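Contents: one structure, followed by commentary.
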Amino acid sequence: MDESVRKRVPPGFRLELARHIQRKLSMKVRVESIGSVETVGGVDVAYMGSLAFSAAVTLSVDGRPLDACCTVSKAVFPYVPTLLSFRELTPMVRSFLCLGARPDVLMVDGQGVMHPYRLGIASHIGVSLGVRTIGVAKSRLYGIEHGDTVLDEHSGELIGRTVICGKRKLYVSVGHRVDLEGAVDLVKSLCVETRGLPAPLLAAHDMANRAKRSCIGLQLDRWGSATCVGCGRDPPGATRP
DNA sequence: GCGACAG
DNA sequence: ATCTTGTCGC
């Protein structure tokens with residue numbers, strides 16, 4: 001099943017190790033009640049060639065903007081279905097760690113456990129940082145739709161739900177430390193129908209694109225990373241001229 | 001072998 | 001995701 005994936009991955013990339021890591025980390029995914037939520041975060045990435053502009057935002061449950069930060073990094077891995085986190089995890093984590101405080105739950109643009117190895121980027125980030133995450137994807141990568149539910153193609157297990165947000169159908173799944181029902185309710189309650197996305201992801205998406213449009217003259221450090229002008233905070237380990 | 005295939 | 005021309009609506 002990975003023959004086609006193999007051809008799209010960089011030479012020397014250890015695909016078997018990547019799969020092993022995905023399976024191992026997926027065992028750490030926890031499903032639990034979200035509990036009381038006051039702040040909701042969102043992360044998304046926009047690209048300009050191989051430059052990745054990542055934005056992280058925090059909103060109150062009533063939609064009020066509380067915090068935001070964006071970073072730019074050099075993309076070091078191509079887009080390969082089932083391996084998205086190897087491309088976007090680092091950019092997303094860098095911008096997320098820039099936030100002044102961790103939101104109660106984080107919405108990620110991509111799958112959670114609705115993934116062939118049970119570790120979409122939302123789960124990968126959640127397990128890596130111990131943060132509550134919800135996977136919100138605009139299309140399906142894996143699973144079979146049955147009404148508004150998505151079942152595992154092999155085990156028949158419930159792995160996600162579809163949510164209509166305006167004109168768009170979203171694929172919601174558990175990322176980490178949340179339950180599917182709570183995740184679906186939160187996505188529905190924050191849905192911006194005119195844009196087809198929940199407010200936190202919409203804000204992150206727009207901010208990432210604004211950052212991309214104003215990237216002239218950015219100075220990247222030795223790791224191919226830099227903090228966007230005006231962010232006000234640096235990611236851990238960052239240095240500024 | 002031929003499609004499917006998060007962003 | 002990004003590219004890209006044309007179209008619709010405020």
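Given the structure is predicted, the values throughout are model-derived calculations rather than measurements. Throughout, protein chains are lettered first and strands after them, A, B, ... in sequence-line order, and every chain is numbered starting at 1.
Taking the side chain of A:P81 as heavy atoms from C-beta on, and the options B:dG7, B:dC5, C:dT2, the nearest nucleotide is B:dC5. Residue A:R140 has its side chain nearest to B:dC5 when only B:dC5, B:dA6, C:dT2 are considered. Comparing C:dT2, B:dC5, C:dA1 by their closest approach to the side chain of A:L141 singles out B:dC5.
Remark: A:R87 qualifies as a cation-pi partner of A:Y47 under the 6.0 Å distance and 45° angle criteria applied to the six-membered ring.
Evaluated for a side-chain contact (heavy atoms from CB on, under 4.5 Å) with A:L158, the options A:L151, A:D152, A:V150 yield exactly one hit, A:L151. Exactly one residue among A:R19, A:Q22, A:H115 makes a side chain to side chain donor-acceptor pair (under 3.5 Å) with A:T82. That residue is A:R19.
In this entry the distance linking CD of A:Q111 with C1' of B:dC5 reads 11 Å, nearest Å. Atoms CG (A:L83) and C1' (B:dA6) sit 11 Å apart, rounded to a whole Å. Note: CD (A:E153) to C1' (B:dC5) measures 11 Å, nearest angstrom. Note: CZ (A:R213) to P (C:dA1) measures 14 Å, nearest angstrom. Atom NE2 in A:H154 sits about 20 Å away from atom P in B:dA4, given to the nearest Å. Atoms CZ (A:F86) and P (B:dC5) sit 22 Å apart, rounded to a whole Å. Remark: C1' of B:dA6 and NE2 of A:H124 are 15 Å apart, rounded to the nearest angstrom. Taking atom OH of residue A:Y47 and atom C1' of nucleotide C:dC3, one finds them 17 Å apart after rounding to whole Å.
Residue A:K138 has a polar side-chain atom (N or O) positioned under 4.0 Å from OP1 or OP2 of B:dG7. A close approach under 4.0 Å does not occur between any side-chain nitrogen or oxygen of A:S4 and OP1 or OP2 of B:dA4. OP1 or OP2 of B:dG7 has not a single side-chain nitrogen or oxygen of A:R87 nearer than 4.0 Å. When the side-chain nitrogen and oxygen atoms of A:Y142 are compared with OP1 and OP2 of B:dC5, none of them lie within a distance under 4.0 Å. At C:dA1, none of the side-chain N or O atoms of A:K212 fall inside 4.0 Å of OP1 or OP2 (strictly under the cut-off).
Residue-level contact check: A:L170 touches neither bases nor backbone, having no heavy atom under 4.0 Å from any strand. Among the heavy atoms of the strands lying under 4.0 Å from A:Y79 is at least one base atom, whether or not backbone atoms are also near. Across all strands shown, A:A122 has no heavy atoms under 4.0 Å from either base or sugar-phosphate atoms.
Taken together, the cysteine pair A:C69 and A:C98 keeps its SG atoms at least 2.5 Å away from each other.
Aromatic ring pairs are classed by plane angle as parallel below 30°, tilted from 30° to 60° and perpendicular above 60°; the pair A:F86 and A:F13 is perpendicular.
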